[in-house]
Number of protein chains: 2
Amino acid sequence: MSGAATREQIVEAADRLFYQRGYEHTSFADIAAAVGLSRGNFYYHFKSKDTILDAVIESRLAGTRHMLQQWENEQPTPGGRILAFVEIVLTNGADIQQYGCPVGTLNTELAKLDHSMRGQARGLFTLFRDWLREQFTLLGRAEQADELAMHVLAFSQGVAVLSHAFRDEEFVRREVGRMRDWLSTYGK
Amino acid sequence: MSGAATREQIVEAADRLFYQRGYEHTSFADIAAAVGLSRGNFYYHFKSKDTILDAVIESRLAGTRHMLQQWENEQPTPGGRILAFVEIVLTNGADIQQYGCPVGTLNTELAKLDHSMRGQARGLFTLFRDWLREQFTLLGRAEQADELAMHVLAFSQGVAVLSHAFRDEEFVRREVGRMRDWLSTYGK
DNA sequence: GTCTATATATTGATAGAC
DNA sequence: GTCTATCAATATATAGAC
């Protein structure tokens, strides 16, 4: 197998396992087994666990940028785009119920571990924050844009944590409904 | 030292370490060192890590019940009591910035580990949920009481996650202000 | 109740053959 | 690029002396 393809498979498997089991709870052996590699060969591709985490975060950043771009293409209005973000707790509802928000849980884990990659993980939040701020600015709320962006982020994190803890889809639907009503007062 | 006192010290140290570093990232050696015990002696008091976690959760449940009772004594109105809960993200602001919400982060970690004590940890959320529901019922909102309780819980978790990630106290103040305004529409 | 010594498994990581 | 064999450190946990 070519080096690049193997590397990609490793990042993919690590990404999934870090999300489902958490970073610290995932061992090299787990990732190697998922890809079908021996532990020894692993170090040819990544020399440390931190390096894999770095690659996983980079991959998630790229994936997030792609998703935000897609929302911009699909949704002509900034209000529609913000709503697309809000509804992600339903779109990815099953995963969030089982594993929480991939951004929130990674940030929480790395912050608690005081991990060196903590800042990189926060960049995932910042990506959403900046994008939301841009949409609120387009809605003519430039002055409060960052505050509103953080409010929407807080909504998604609160819903994700409780959805993960209680596994209650009706609760998620209700909260999305509340947020939709709140958003409608800010125009399309 | 008497057995009961040592046990209490262990639970206290474990509680603090589980909160600050996370459950999985805390070892027996860490707890033993914090209490000043040898690892060997440790197993006289607790036969497994799960047993300590169980004791820690029980201790937190008792502490939470005590805090809720205190709020009931100090705050004559249900609105004032709910506000006391909402403001906990400011009252415990420094800890939440550094370590997140003790209830939320423990629930998230145990859910991701698929840990057997996951249900017990969720009981901490349920305690707040039931208490908040009671307060909203007293406000004459019996029919929506649970929905409103979950909404307030989601607020606190969303704020805690982002406060932990961004360490921004102004954000917390703004969100508490928003919630205070929202609460005021439900009476005292 | 507390200690030292130890068993056993798993971790992240390396060396060297193929 | 992949493997087996191995290392050193750490983890949970036990045995037995004091």
Side-chain angles (χ1 to χ4, degrees), chain A residues 1-59 106 109-110 112-118 120-121, chain B residues 1-57 106 109-110 112-118 120-121:
Chain A
M1 191 188 299
S2 93
T6 302
R7 195 192 142 93
E8 202 172 328
Q9 272 193 294
I10 290 174
V11 173
E12 211 169 294
D15 190 350
R16 197 183 66 249
L17 289 170
F18 288 171
Y19 177 40
Q20 294 177 347
R21 309 184 190 179
Y23 171 70
E24 196 173 26
H25 194 56
T26 302
S27 69
F28 272 39
D30 292 333
I31 305 172
V35 182
L37 279 180
S38 74
R39 265 170 299 168
N41 185 20
F42 211 94
Y43 289 82
Y44 173 79
H45 299 278
F46 289 97
K47 69 176 177 190
S48 78
K49 203 178 170 183
D50 288 5
T51 328
I52 305 180
L53 179 58
D54 193 18
V56 165
I57 294 177
E58 279 304 323
S59 165
L106 182 66
E109 183 176 5
L110 296 186
K112 202 156 277 211
L113 295 180
D114 203 19
H115 196 284
S116 63
M117 221 68 75
R118 182 175 174 262
Q120 311 262 110
Chain B
M1 190 188 299
S2 92
T6 303
R7 195 192 142 93
E8 203 172 327
Q9 272 192 296
I10 290 174
V11 173
E12 212 169 292
D15 190 350
R16 198 183 66 249
L17 289 170
F18 288 172
Y19 177 39
Q20 295 178 345
R21 311 185 188 178
Y23 171 70
E24 197 173 25
H25 194 56
T26 302
S27 70
F28 272 38
D30 292 332
I31 306 173
V35 182
L37 277 181
S38 74
R39 267 169 297 168
N41 185 19
F42 211 94
Y43 289 82
Y44 173 78
H45 300 279
F46 289 97
K47 68 177 180 193
S48 77
K49 204 178 170 183
D50 289 5
T51 327
I52 305 179
L53 178 59
D54 194 17
V56 165
I57 294 176
L106 182 66
E109 184 177 4
L110 296 186
K112 202 156 275 210
L113 296 179
D114 202 19
H115 195 283
S116 62
M117 222 68 74
R118 183 176 173 262
Q120 310 262 110

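Atom set for the values below is all heavy atoms of this structure, side chains included, hydrogens, waters and symmetry mates excluded. Numbered from 1 within each chain, the chains take letters A, B, ... in sequence-line order.
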Chemist: Check side-chain contact (heavy atoms from CB on, under 4.5 Å) between A:E12 and all other residues, then give those that pass, not counting sequence neighbours.
Modeler: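 Residues passing side-chain contact (heavy atoms from CB on, under 4.5 Å) with A:E12: none at all.
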Chemist: List the residues meeting side-chain contact (heavy atoms from CB on, under 4.5 Å) with A:H115, not counting sequence neighbours, and say none if there are none.
Modeler: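 Once residues adjacent in sequence are excluded, the partners of A:H115 under the side-chain contact (heavy atoms from CB on, under 4.5 Å) criterion are A:Y23, A:D50, A:L53, A:L110, A:L113, A:M117.
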Chemist: Taking A:E24's backbone N and O only, do any of them form a donor-acceptor pair with A:E109's side chain (distance below 3.5 Å, no angle check)?
Modeler: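 A pair under 3.5 Å: yes.
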Chemist: Could you list the protein-to-nucleotides 12-14 of chain D atom pairs, N/O on both sides, closer than 3.5 Å?
Modeler:
| unit_1 | atom_1 | unit_2 | atom_2 | d |
| --- | --- | --- | --- | --- |
| D:dT12 | OP1 | B:K49 | NZ | 3.3 |
| D:dT12 | OP2 | B:F28 | N | 3.0 |
| D:dA13 | OP2 | B:K49 | N | 3.3 |
| D:dA13 | N7 | B:Y43 | OH | 3.1 |

Chemist: Please map the stems of DNA chain D, keeping only stretches of three or more Watson-Crick or G-U wobble pairs with both distances under 3.5 angstrom.
Modeler: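 In DNA chain D, stems of three or more pairs: C:1-7 with D:12-18, C:9-18 with D:1-10.
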Chemist: NE2 of B:H25 versus P of C:dG12: gap in Å, rounded?
Modeler: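 It is 13 Å, rounded to the nearest whole Å.
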Chemist: List the atom pairs, with distances to 0.1 Å, where a side-chain N or O of residues 27-41 of chain B and a protein N or O form a donor-acceptor pair under 3.5 Å, not counting sequence neighbours.
Modeler:
| unit_1 | atom_1 | unit_2 | atom_2 | d |
| --- | --- | --- | --- | --- |
| B:S27 | OG | B:A29 | N | 3.4 |
| B:S27 | OG | B:D30 | N | 3.1 |
| B:S27 | OG | B:D30 | OD2 | 3.2 |
| B:D30 | OD2 | B:R21 | NH1 | 3.3 |
| B:D30 | OD2 | B:S27 | N | 3.0 |
| B:S38 | OG | B:N41 | N | 3.2 |

Chemist: Take the protein atom NE2 of A:H45 and the nucleotide atom C1' of D:dC3, then report the distance between them rounded to whole Å.
Modeler: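 One finds 12 Å between C1' of D:dC3 and NE2 of A:H45, rounded.
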Chemist: Strictly below 4.0 Å: does A:T6 bring a side-chain N or O up to OP1 or OP2 of D:dT2?
Modeler: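 Answer yes for this pair, as a side-chain N or O of A:T6 is under 4.0 Å from OP1 or OP2.
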Chemist: Can you measure A:D30 atom CG to C:dG12 atom P for me and round it to whole angstrom units?
Modeler: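 After rounding, the gap between these two atoms is 8 Å.
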Chemist: With B:S116, which residues qualify under side-chain hydrogen bond (donor to acceptor under 3.5 Å, both in side chains), at least two apart?
Modeler: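 If we apply the side-chain hydrogen bond (donor to acceptor under 3.5 Å, both in side chains) test to B:S116, skipping adjacent residues, there are no hits.
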Chemist: Rounded to the nearest Å, what distance is computed from the CD1 atom of residue A:I31 to the C1' atom of nucleotide C:dT11?
Modeler: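 In whole Å, C:dT11 C1' and A:I31 CD1 are 13 Å from each other.
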Chemist: Roughly how far, to the nearest 0.5 Å, is OG1 of B:T26 from CZ of B:R16?
Modeler: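 The distance works out to 10.0 Å.
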Chemist: About how many Å separate CD1 of B:I10 and CG of B:D15, when rounded to the nearest 0.5 Å?
Modeler: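 The CG atom of B:D15 sits 13.5 Å away from the CD1 atom of B:I10.
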Chemist: Is the shortest side-chain heavy-atom distance between A:V11 and A:F46 below 4.5 Å?
Modeler: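 The answer is yes; the side chains approach within 4.5 Å.
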